[in-house]
Amino acid sequence: MYKKLAFITIGAVFFLILVGGIVRATGSGMGCPDWPKCFGSWVPPTDASQLPDDYKEIFGAKLKGEVEFNVYKTWTEYINRLAGVLIGFLIFGTLLAALKGYKGKDNKVVLYSALAFILVAFEGWLGSKVVSMELSPAMVTVHMLLAILVVFMLIMALLRAYSFEGLKLGGVDGSKSDSFILGILLALSTGQLILGTQVREMIDEAYLSGLARELWISTLDGKYYTHIGLATVLLALNSWYFMSRRNEAEYSEGRFLRWMLVLVVGEFLIGGFLGLFNMPAFGQPIHLTLGTMIIAVQFTLLMLKREEAI
C-alpha cells in the first residue's frame, strides 16, 4: 500500500511541475492576483462581468493597476493551485500509510514521509509569497527547487521501504568513484536547471516587451549559450557513464541507467527544438519537467550507490 501510494505521489509531483511550467509558459502566473482565493473567490469567475467594475483597482493595487481578467490564464493558475492541494493530500496520505506500516519497525520511512509533508506545507506557503512578490524570479526558482526536494524525500522513503521489506533493487555497486561521478552529474544537472530558469526569465522579458517571437533569442546574453554548452557536456557525460556501467549493472540499476539516458537525450532534443523554432510555448513545460526527472533519476542512482546513507 505505502509503496504504491508513494509512486503515485511522486508522479503527481512531476505532473504539478509540468502544470507549473504551463503556467509560466502561458504567462498565467498572475492569473489569480490574490491568495489563497482567486479574485476574492474560492472558485474564480469565468467572465469579467462577474467581477466588480473596479476590480483592477481592488486586485491590481500591487500590480500598478495592470490586472486584466483573462479566463484562460485565471483558470490555468487556478488548476495549478488545485493540483498543489491534491499533492498536499497525497503526501499526507503517504505519511499516514508510513505511520501505519512502518512506525516502530523502520522509523526512517516515517521520518522521510514526514519531512516530505512538512516541505510541501512550506511549499504552499511559499506559493503565496510568489504571488505577493509578483512572481519574483528568485522566488519562482526556489519554489521549483523545493518541489524537487519533496521528490527527494519521497524517493528516500520509498527506497527505505524496499530495503526494509528485503526487496533489494539489485545491481548496486557502492564504489566511491561511482558515487562521486553521480554526485557530479547531479550537481551539473541541478546547475543546468537553475541556469535554464534564468534563460526563461530573459525570454519572459522579451515577451513582455512586445518583441516579435523570432527576435527573442537575439536578446539573450551569454547565459543562453552557456546553457547550450552545458547541455552538450551533460549529454556526453551521461552517455559515457551509461556506456561504462551498462554491462555491469543488473536489471534494476540498468533500468534506471536507461531512463537517465533516455531523459537526457530527450531533454537535449527538446532544447534544440526550442532554440530552432523560437521557443514555442508548448515545448517549455516539457523541457522543464524532463530536467527535473533527470535530477530525480540521478538522485535515485546515487542513493542506491550509498544505501547506508538512506
Sub-6.0 Å ring centroid separation between Trp259 and Phe256: no

Pairs meeting criterion salt bridge (Lys or Arg N to Asp or Glu O under 4.0 Å) with involvement of residues 79-94, two or more places apart: Glu77-Arg81

Taking Ile294 as the starting point, is it possible to reach Leu146 by hopping between hydrophobic residues whose side chains are less than 4.5 Å apart? yes

Got more than 12 heavy atoms from elsewhere within 6.0 Å of CZ, Phe92? no

Carefully, step by step, assess Thr141 and Glu201 under the rule side chain to side chain contact (heavy atoms under 4.5 Å, CB included). CA-CA 10 Å; Thr141 300; Glu201 290 161 16; 4.0 Å; yes

Is the Phe69-Tyr55 ring centre distance short of 6.0 angstrom? no

Any heavy-atom pair between the side chains of Met156 and Phe299 that's under 4.5 Å? yes

Roughly how far, to the nearest 0.5 Å, is CG of Leu145 from OG1 of Thr190? 7.5 Å

Heavy atoms, side chains only, cut-off 4.5 Å: are Asp178 and Arg245 in contact? yes

Sole residue of Asp47, Thr46, Asp53 in side-chain hydrogen bond (donor to acceptor under 3.5 Å, both in side chains) with Ser49: Asp47

Which label fits Phe277 and Phe273: parallel for a plane angle under 30°, tilted from 30 to 60°, or perpendicular past 60°? tilted

Calculate, to the nearest 0.5 Å, the distance between atoms CD1 and CD belonging to Ile91 and Glu123 respectively. 9.0 Å

Are Ile155 and Leu159 close enough that some pair of their side-chain heavy atoms sits under 4.5 Å apart? yes

Please check if Trp125 and Ile87 belong to a single hydrophobic cluster, counting links between Ile, Leu, Val, Met, Phe, Trp and Tyr side chain heavy atoms closer than 4.5 Å. yes

Considering all heavy atoms, the nearest Gly124-Trp35 contact: O-CZ2, 3.4 Å

Begin with the C-alpha distance, continue with both residues' side-chain angles, and end with the deciding distance and a verdict on side chain to side chain contact (heavy atoms under 4.5 Å, CB included) for Leu185 and Leu301. CA-CA 11 Å; Leu185 289 176; Leu301 281 166; over 6 Å; no

Membership question, hydrophobic clusters at under 4.5 Å side-chain separation (ILVMFWY): are Leu235 and Leu269 in the same one? yes

Under 4.5 Å between any side-chain heavy atoms of Tyr78 and Val43, yes or no? yes

Quick check for you: to the nearest 0.5 Å, what is the distance between Leu237 atom CG and Trp240 atom CH2? 7.5 Å

Looking only at side chains, do Tyr72 and Ser28 share a donor and an acceptor under 3.5 Å apart? no

Derivation of the side chain to side chain contact (heavy atoms under 4.5 Å, CB included) call for Phe268 and Thr232: CA-CA 8 Å; Phe268 186 83; Thr232 306; 3.8 Å; yes

Are any side-chain N or O atoms of Gln198 and backbone N or O atoms of Ile194, one a donor and one an acceptor, separated by less than 3.5 Å? no

Any chance you could lay out the side chain to side chain contact (heavy atoms under 4.5 Å, CB included) test for Phe282 and Ile22, step after step, and finish with the verdict? CA-CA 8 Å; Phe282 75 88; Ile22 293 171; over 6 Å; no

Honestly curious: do Leu111 and Phe122 fall in one hydrophobic cluster under the side-chain, below-4.5 Å linking rule? yes

Keeping the roles fixed (side chain from Thr219, backbone from Ala206), state whether a donor-acceptor pair exists under 3.5 Å. no

Would you compute the distance between atom OG1 of Thr300 and atom CZ of Arg255 and round it to the nearest 0.5 angstrom? 11.0 Å

Please name the pair of heavy atoms, one in Ala98 and one in Val110, separated by the smallest distance, quoted to 0.1 Å. O-CG2, 3.5 Å

Side-chain (Asp34) to main-chain (Phe39) donor-acceptor, under 3.5 angstrom: yes

Side chain to side chain contact (heavy atoms under 4.5 Å, CB included) with Lys100: which residues, sequence neighbours excluded? none

Does some side-chain heavy atom of Lys73 sit less than 4.5 Å from a side-chain heavy atom of Thr26? no

Please report the closest heavy-atom contact between Met279 and Arg213, naming both atoms and the distance. O-NH1, 2.5 Å

To the nearest 0.5 Å, what is the distance between CG on Leu16 and OG1 on Thr9? 12.0 Å

Is there side-chain contact between Phe14 and Val151, with at least one heavy-atom pair below 4.5 Å? yes

What are the two closest heavy atoms between Lys305 and Ser179, and how far apart are they? CB-OG, 3.5 Å

Stepwise side-chain hydrogen bond (donor to acceptor under 3.5 Å, both in side chains) check, Ser113 with Tyr2: CA-CA 10 Å; Ser113 300; Tyr2 175 82; 2.6 Å; yes

Distance check, rounded to the nearest 0.5 Å: Asn278 atom CG versus Leu215 atom CG? 8.5 Å

Assign the ring pair Tyr162 / Phe7 to parallel, tilted or perpendicular, where the plane angle (0 to 90°) is split at 30° and 60°. perpendicular

Check whether any side-chain heavy atom of Val140 sits under 4.5 Å from a side-chain heavy atom of Thr197, and report yes or no. no

Is it true that Leu302 and Leu304 fall in one hydrophobic cluster, defined by side-chain heavy atoms closer than 4.5 Å? yes

Taking Leu234's backbone N and O only, do any of them form a donor-acceptor pair with Asn238's side chain (distance below 3.5 Å, no angle check)? yes

Is Ile203 close to Leu220 at the side-chain level, that is, under 4.5 Å between some pair of heavy atoms? yes

In terms of heavy-atom contacts, Met153 and Tyr112 come closest through O-CB, 3.6 Å

What are the two closest heavy atoms between Ser189 and Gln298, and how far apart are they? OG-OE1, 2.9 Å

Polar side-chain atom of Ser41 near backbone of Cys38 as donor-acceptor pair, under 3.5 Å: no

